[in-house]
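Scroll down for the structure; my scribbles are underneath it.
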Amino acid sequence: MLDSKHMEENMLEVKKRLESRGAEIDFDEFRALDLGRKEIIKKVEELERERNLGSKKMGELMRGGKKDEAADLQEQMRLISEQIRDLGELRARAEEEFRNFMLTIPNIPHDSVPIGRSDTDNLEIRKWGEPKDFDFEPKDHVEIGKDLDILDLDRAAKITGARFALYKGLGARLERALVNFMLDLHTNEHGYTEVLPPFMANTESFIGTGNLPKFEEDLFKIEGTNFYLIPTAEVPVTNIHRDEILKEDELPIKYVAYTPCFRSEAGSYGKDVKGIIRQHQFNKVELVKFSNPNSSYEEHESLTSDAARVLELLGLPYRVVALCTGDMGFSSAKTYDLEVWVPSEKTYREISSCSNFEDFQARRASIRYRPKDGGKVKLVHTLNGSGLAVGRTVIGILENYQEADGSVTIPEVLVPYMGGATSITR
RNA sequence: GGAGAGGUGGCCGAGUGGUCGAAGGCGCUCGCCUGCUAAGCGAGUAAGGGGGUUAUUCUCCUUCGAGGGUUCGAAUCCCUCCCUCUCCGCCA
């Protein structure tokens, strides 16, 4: 959520920046809702003040035993109370309307974000590693998985449906090995604290991160509750500190969490239907930071390189891309995507998305900190990034490490996590 | 699932209809004292919103788990819901 005061005072600027990401906001409506709300607040508060004064007087009269005077006053007060009740309802409605409006406005892109409309306008920042030259035609991960009997998509479809996976043998082991490898790396070497959150969260949490109210169709809802399956650990982990005031000394707080992620993938029919690129359920290790606003962009850089380090240690070629204004997520002020090389497609595919939300989520979720110098409490900045999406890392390994004989070599760092296995063979 | 207790400021905790945004303690900030540390003494210390200045100050309103109700007036009484704890039952 944006700061409504800032919006009011910099309307043209904000409008321009939002348009750069393709968001058309009706500022006339904003103004009308905001002014209407303030006007009614003023009226109600004036009446409430009268009521408070009257009540105080009433207390004095009662204690002084002046019953007649008290009776007169009581009648007046009754009228005021009625008005407060009526206007109070209007006020509640006006404030809710205003808030609902504000909740649908996306974040303002940071200055450094390239302007553009779609992913074709994204900016490549850097590349790491050399895509391998195969002296045979590389297979895609579906074929590899089938041939090695480690990935069974047909049976997953039988069990549940399309866009689900069944891993088998060393395939299942590889998924688990990656989760453990990533968690160990981020906790031991990058200073993150491991958390294991609930895999469902309530409406408030989803509003906090910006997934609700606008994107309900992307989520799986649990019938008969106000719980949704999490589409990313970002939701439960960011909400760890919802409605809290942190100490400045505690910042930055850095969490890493493994969770499965559940996405309805509404609107992506026919897209990435093959293999395990796009699933209704997938595993992810997520990095989340709560940062001092002064240093959130440094934290963003380091978070991105923490995620990239996983790819480097696994020896997977990747590139870093700065998303353009038109391609960024709703809540983000700036996003880098990490993209891993996929030999069968001869292209890079997203494997991690690292974002700085500035105070957008913090304002929605009321996550603040008390400055050391004793000033007013301030909103923190929140950040997160995949470190990494596990299923897509499996794709990267299967395809980049495949051999002419159909086997797949296990990257050295993973061997201890694979029970000593150095390759997957038929 | 059954029975009971409870949710109050950054934290703990008192408070059963008006004098309560709320005692006391802890923590924190500043000052004093002190060879260092600790202790001691004094003062200050909730958040959100509206108005006014916009630099500080000022002023008003709201908030005692959430939402309704009773009342001239609710932290306090009533109802519903959420959550926590204890005991019993069941269960991974």
Side-chain angles (χ1 to χ4, degrees), chain A residues 1-10 30-103 196-208 222 224-228 236 239-251 253 290 292 359 362-380:
Chain A
M1 193 159 57
L2 301 181
D3 178 2
S4 64
K5 278 209 179 95
H6 178 260
M7 255 179 93
E8 199 181 305
E9 287 160 11
N10 306 278
F30 165 74
R31 216 200 203 116
L33 288 173
D34 192 27
L35 291 179
R37 150 186 164 263
K38 283 178 178 166
E39 201 171 317
I40 195 155
I41 286 173
K42 228 157 143 182
K43 280 189 199 152
V44 175
E45 289 193 351
E46 177 54 33
L47 287 169
E48 283 172 337
R49 186 167 158 273
E50 269 183 59
R51 181 188 63 190
N52 290 345
L53 292 173
S55 290
K56 197 166 268 178
K57 196 164 174 198
M58 176 76 67
E60 283 162 18
L61 292 176
M62 295 302 274
R63 257 172 285 125
K66 297 175 181 167
K67 287 222 166 125
D68 294 349
E69 283 180 52
D72 287 349
L73 185 56
Q74 194 166 326
E75 194 44 47
Q76 288 175 37
M77 299 304 294
R78 198 195 308 274
L79 291 173
I80 290 177
S81 281
E82 262 170 45
Q83 288 182 62
I84 289 176
R85 208 161 307 169
D86 294 346
L87 279 177
E89 269 174 46
L90 290 180
R91 173 191 177 155
R93 214 172 307 150
E95 300 221 67
E96 199 191 329
E97 248 182 279
F98 180 68
R99 182 175 160 81
N100 287 343
F101 180 83
M102 293 301 292
L103 285 176
L196 181 59
F199 300 162
M200 301 177 198
N202 58 30
T203 310
E204 287 72 34
S205 293
F206 279 85
I207 288 173
I222 309 295
T225 69
N226 67 336
F227 303 156
Y228 297 81
N239 278 283
I240 288 174
H241 295 299
R242 170 155 51 89
D243 292 322
E244 290 187 15
I245 300 174
L246 306 165
K247 290 193 180 117
E248 184 170 9
D249 287 344
E250 296 178 276
L251 303 176
I253 296 174
F290 301 83
N292 190 307
D359 63 12
R363 184 172 292 106
R364 289 173 161 247
S366 191
I367 308 170
R368 297 151 294 164
Y369 72 97
R370 200 176 292 285
K372 249 185 120 136
D373 62 24
K376 275 191 63 133
V377 296
K378 291 190 191 143
L379 296 167
V380 302

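All chains are named by letter (A, B, ...) in the order of the sequence lines, taking the proteins before the strands, and each is independently numbered beginning at 1.
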Next on the checklist: Strictly by Watson-Crick or wobble contacts shorter than 3.5 Å, is anything paired with B:A38, and which nucleotide is it?
Outcome noted: none
Next on the checklist: Let's test this: given Watson-Crick or G-U wobble pairing with both distances under 3.5 Å, identify the partner of B:C33.
Outcome noted: none
Item to check | Closest-nucleotide ordering on RNA chain B, the 5'-leading residue of A:Gly59 and A:Leu73 | outcome: A:Gly59
Checklist entry - Taking the P atom of each, how far is B:A5 from B:C79, in whole Å? => result 13 Å
Checklist entry - Of A:Glu95 and A:Glu89, whose nearest nucleotide on RNA chain B comes first from the 5' end? => result A:Glu95
Checklist entry - Is A:Glu45 paired with A:Arg49 through a side-chain N to carboxylate O contact shorter than 4.0 Å? => result no
Item to check | Rounded P spacing from B:C87 to B:G44 in Å | outcome: 44 Å
Item to check | P gap between B:C83 and B:C60, integer Å | outcome: 40 Å
Item to check | Separation between the P atoms of B:U63 and B:A55, rounded to whole Å | outcome: 32 Å
Item to check | A:Lys43, NZ atom: more than 12 neighbouring heavy atoms under 6.0 Å | outcome: no
Item to check | d(CD1, A:Ile367; P, B:G10) in whole Å | outcome: 16 Å
Item to check | Between B:C20 and B:A3 - C1' atom distance, rounded Å | outcome: 35 Å
Next on the checklist: Are more than 12 heavy atoms, taken from residues, nucleotides or ligands other than A:Arg99, located less than 6.0 Å from that residue's CZ atom?
Outcome noted: no
Every protein N/O within reach of nucleotides 62-67 of chain B N/O, cut-off under 3.5 Å:
residue: B:U62; atom: OP1; partner: A:Arg51; partner atom: NH2; Å: 3.2
residue: B:U62; atom: OP2; partner: A:Asn52; partner atom: ND2; Å: 3.3

Item to check | A:Asp243 CG to B:G9 P, straight-line distance once rounded to whole Å | outcome: 12 Å
Checklist entry - What's the NZ-P distance between A:Lys5 and B:G48, to the nearest Å? => result 10 Å
Checklist outcome for this item: Heavy-atom nearest pair, A:Ile207 first then A:Leu103, reads CG2-CD2, 4.2 Å
Checklist entry - Between B:A46 and A:Arg370, is there an OP1 or OP2 to side-chain N/O distance shorter than 4.0 Å? => result no
Next on the checklist: Looking at A:Arg37 and A:Asp34, is any side-chain nitrogen of the basic one under 4.0 Å from a carboxylate oxygen of the acidic one?
Outcome noted: yes
Item to check | Pairing nucleotide - B:A14, Watson-Crick or G-U, each distance under 3.5 Å | outcome: none
Next on the checklist: Let's test this: given Watson-Crick or G-U wobble pairing with both distances under 3.5 Å, identify the partner of B:U56.
Outcome noted: none
Next on the checklist: Does A:Glu96 have more than 12 heavy atoms from other residues, nucleotides or ligands lying within 6.0 Å of its CD?
Outcome noted: no
Checklist outcome for this item: Of B:G73, B:G50, B:G18, the nucleotide closest to the side chain of A:Met58 is B:G18
Next on the checklist: With a 4.5 Å cut-off on side-chain heavy atoms, are A:Arg51 and A:Leu47 touching?
Outcome noted: no
Checklist entry - Do the side-chain N and O atoms of A:Asn52 and A:Ser55 include a donor-acceptor pair separated by under 3.5 angstrom? => result no
Checklist entry - With a 4.0 Å cut-off on heavy atoms, is A:Val44 in touch with a base, just the backbone sugar-phosphate, or nothing at all? => result nothing
Checklist outcome for this item: Pairing partner of B:G44, by Watson-Crick or G-U wobble and under 3.5 Å for both distances, is B:C28
Checklist entry - Counting only heavy atoms not in A:Glu39, do more than 12 sit closer than 6.0 Å to its CD atom? => result no
Checklist entry - Which nucleotide sits closest to the side chain of A:Arg368: B:G49, B:G18, B:A47? => result B:A47
Checklist outcome for this item: For A:Ala362 and A:Val380, the nearest pair of non-hydrogen atoms, with its separation, is CB-O, 3.2 Å
Checklist entry - Once you round it to whole Å, what is the distance between P of B:G10 and CD of A:Glu250? => result 14 Å
Item to check | OP1 or OP2 of B:G73 under 4.0 Å from side-chain N/O of A:Ser81 | outcome: yes
Next on the checklist: I want to check something: taking the side chain as every heavy atom from C-beta on, are A:Leu53 and A:Glu50 in contact at a cut-off of under 4.5 Å?
Outcome noted: no
Checklist entry - Who is the Watson-Crick or G-U wobble partner of B:C64, with both distances under 3.5 Å? => result none
Next on the checklist: Whole angstroms only, please: what is the CD-C1' distance between A:Glu39 and B:G49?
Outcome noted: 17 Å
Item to check | Where A:Ala365 and A:Asn239 come nearest, the two heavy atoms and their spacing | outcome: CB-OD1, 4.3 Å
Checklist entry - Nearest-Å distance, CG (A:Leu61) to P (B:G17)? => result 20 Å
Checklist entry - What interatomic distance, in whole Å, is found between P of B:C85 and the corresponding atom of B:U29? => result 33 Å
Checklist entry - Under 4.0 Å between a side-chain N or O of A:Arg78 and OP1 or OP2 of B:C72? => result yes
Pick out the pairs of N or O atoms, protein on one side and nucleotides 78-83 of chain B on the other, that lie under 3.5 Å.
none

Checklist entry - With respect to the phosphate group of B:U56, does any side-chain polar atom (N or O) of A:Lys376 fall under 4.0 Å of OP1 or OP2? => result no
Item to check | Interatomic distance where CG belongs to A:Asp249 and C1' belongs to B:G27 [whole Å] | outcome: 13 Å
Checklist entry - Whole-Å distance between B:A46 P and A:Tyr369 OH? => result 19 Å
Checklist outcome for this item: Checking N1-N3 plus N6-O4 or O6-N4 for Watson-Crick, or N1-O2 and O6-N3 for wobble, each under 3.5 Å, the partner of B:G21 is none
Checklist entry - Watson-Crick or G-U wobble partner for B:G4, using a 3.5 Å limit on both distances? => result B:C85
Checklist entry - When the C1' atoms of B:G4 and B:G17 are considered, how many whole Å apart are they? => result 27 Å
Item to check | Separation of the C1' atoms in B:C61 and B:G2, to the nearest angstrom | outcome: 45 Å
